[in-house]
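Working notes, structure below.
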Protein chains: 2
Amino acid sequence: MTVTNSEGERPTGRGPRLVYLLNVAQRRVQAAIQGEGEGTTAARAGLLMAVGERGAAMAQLGPMLDLGAPALSGLIDRCMKAGLVERRPDPGDGRAWFVVLTEAGRKARVQAIEGARALNARLIEGFTDNEVEAVARWLEAVRDRFPREKDR
Amino acid sequence: MTVTNSEGERPTGRGPRLVYLLNVAQRRVQAAIQGEGEGTTAARAGLLMAVGERGAAMAQLGPMLDLGAPALSGLIDRCMKAGLVERRPDPGDGRAWFVVLTEAGRKARVQAIEGARALNARLIEGFTDNEVEAVARWLEAVRDRFPREKDR
DNA sequence: AATAGATAGTTCGTATGCGAAGTAAAGGGG
DNA sequence: CCCCTTTACTTCGCATACGAACTATCTATT
């Protein structure tokens with residue numbers, strides 16, 4: 001049975017506990033992605049998909065994945081260590097770097113896309129298009145109502 | 001303008017990108033809570049609220065907050081270091097511990113509840129009850145469709 | 001009572017992400 | 001051409017959470 005905290009000591013005190021549910025749902029999805037492939041993680045899958053077959057500039061990847069520079073830098077480090085991507089200097093800008101997939105990264109990317117498709121299907125199962133649309137709209141509203149410091 | 005990745009290299013490849021949005025929204029809310037009070041963080045506020053005025057057993061807190069034992073242990077450590085809570089041995093069970101609020105913890109809890117109320121209001125603003133209900137139902141479905149390993 | 005098994009927490013290593021601060025290259029006056 | 005600001009990343013310390021493995025205690029079974 002689900003934990004309902006019937007004694008009135010719920011995390012938020014009342015209501016649908018959206019903050020709590022949002023947190024839990026996100027962690028469960030993250031864990032589900034981990035469980036899929038071997039070395040796959042949600043963050044790495046996202047990077048692989050964002051990088052794409054043709055590679056991408058780091059400066060582009062941050063906004064794409066909604067990651068700050070330090071998080072992106074570390075993620076790329078770990079993906080490099082895992083042999084999924086490589087850094088290439090930007091010949092036109094000494095500060096900038098491209099990220100390109102390795103052969104293993106290309107294979108992992110295909111799997112990641114496949115996994116994302118399956119996961120998405122499982123996430124919308126049992127909900128009407130209207131409901132899914134409302135959920136997506138709500139998530140986007142949350143994102144837009146709480147912008148990152150830098151973007152504000 | 002929002003990043004739309006118009007070249008077809010979106011994180012999920014197509015669709016509403018629910019996984020991505022869920023992740024972003026959760027991080028934004030978390031950051032928003034951080035920004036509220038001084039030492040406040042989402043996890044700590046959750047703990048303070050779950051512990052409650054009368055304190056709670058660690059074994060209860062895990063399910064309440066949907067945290068595993070290691071995460072809860074560390075969270076309590078940090079909250080102890082911050083002077084918000086204390087551990088008390090369970091007289092009836094040498095393995096078990098109670099967590100109780102300190103005076104500072106009680107004050108922080110009141111603020112946390114206040115912040116949670118305000119945050120919740122901001123989260124549902126502009127959405128109908130039906131939409132909010134659909135969102136909550138979806139988040140719960142996600143949670144229930146991807147149970148923790150242990151609970152499965 | 002002795003022992004096997006379950007339960008409650010802790011510790012450790014890893015992944016993820018953030019903000020603050022540092023480094024290096026690019027750009028824009030003067 | 002030099003200096004100052006901006007931009008692109010990196011590094012560092014911290015918070016959060018997970019799984020694996022460990023310790024200590026309790027429970028049930030024999």
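Below, read A as the first sequence line, B as the second, and so on, with proteins coming before strands; counting in each chain starts at 1. No hydrogens, no waters, no symmetry mates; every other heavy atom, side chains included, goes into these values.
- Straight-line distance from the CG atom of A:Leu65 to the C1' atom of C:dC18: 16 Å, rounded to whole Å.
- The residue among B:Ala42 and A:Ala31 whose nearest nucleotide of DNA chain D is located toward the 5' end is B:Ala42.
- With contacts defined as side-chain heavy-atom distances shorter than 4.5 Å, the pair B:Leu101/B:Arg109 qualifies.
- Rounded to an integer number of Å, the gap from B:Ile33 CD1 to D:dA15 C1' is 14 Å.
- Only A:Arg95, A:Ala96, A:Trp97, listed by number, bring a heavy atom of residues 91-100 of chain A to less than 4.0 angstrom from any atom of DNA chain D.
- At a threshold of 4.5 Å between side-chain heavy atoms, the hydrophobic network of Ile, Leu, Val, Met, Phe, Trp and Tyr places A:Phe98 and A:Met58 in two separate groups.
- Whole-Å rounding puts the B:Asp90 CG to C:dG9 P distance at 8 Å.
- Atom CG in A:Leu67 sits roughly 12 Å away from atom P in C:dG19 (whole-Å rounding).
- A straight line from CD of B:Gln34 to C1' of D:dT16 spans 10 Å, rounded to a whole angstrom.
- Residue B:Met80 is grouped with residue B:Leu67 when hydrophobic side chains (ILVMFWY) are merged at heavy-atom distances under 4.5 angstrom, including chains of intermediate members.
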Side-chain donor-acceptor pairs of residues 71-78 of chain A under 3.5 Å, sequence neighbours excluded:
unit_1, atom_1, unit_2, atom_2, d
A:Asp77, OD1, A:Arg87, NH1, 3.0
A:Asp77, OD1, A:Arg87, NH2, 3.0

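- Using a 4.5 Å cut-off on side-chain heavy atoms (C-beta onward), B:Val85 and B:Leu48 make contact.
- The nearest whole Å value for the distance from the CD atom in B:Gln30 to the P atom in C:dT16 is 16 Å.
- The phosphate of D:dT16 has neither OP1 nor OP2 within less than 4.0 Å of any side-chain N or O from B:Arg27.
- The CG atom of A:Asn23 sits 14 Å away from the P atom of C:dG17 (whole-angstrom rounding).
- Near DNA chain C, meaning a heavy atom under 4.0 Å from it, residues 68-89 of chain B has B:Ala69, B:Pro70, B:Ser73, B:Arg87 in order of number.
- Note on B:Arg148: every side-chain N or O is 4.0 Å or more away from OP1 and OP2 of D:dG19.
- Whole-Å rounding puts the B:Arg28 CZ to C:dG17 C1' distance at 13 Å.
- For the atom pair A:Asp144 CG and A:Leu139 CG, the distance stands at 11.0 Å (nearest 0.5 Å).
- A heavy-atom distance below 4.5 Å is found between the side chains of A:Leu119 and B:Phe146.
- Side-chain atoms of A:Gln26 and A:Gln30 form a donor-acceptor pair, as typed in the model, at a separation below 3.5 Å.
- B:Val29 and B:Phe127 fall within the same hydrophobic cluster, defined by Ile, Leu, Val, Met, Phe, Trp and Tyr side-chain heavy atoms under 4.5 Å apart, directly or through other members.
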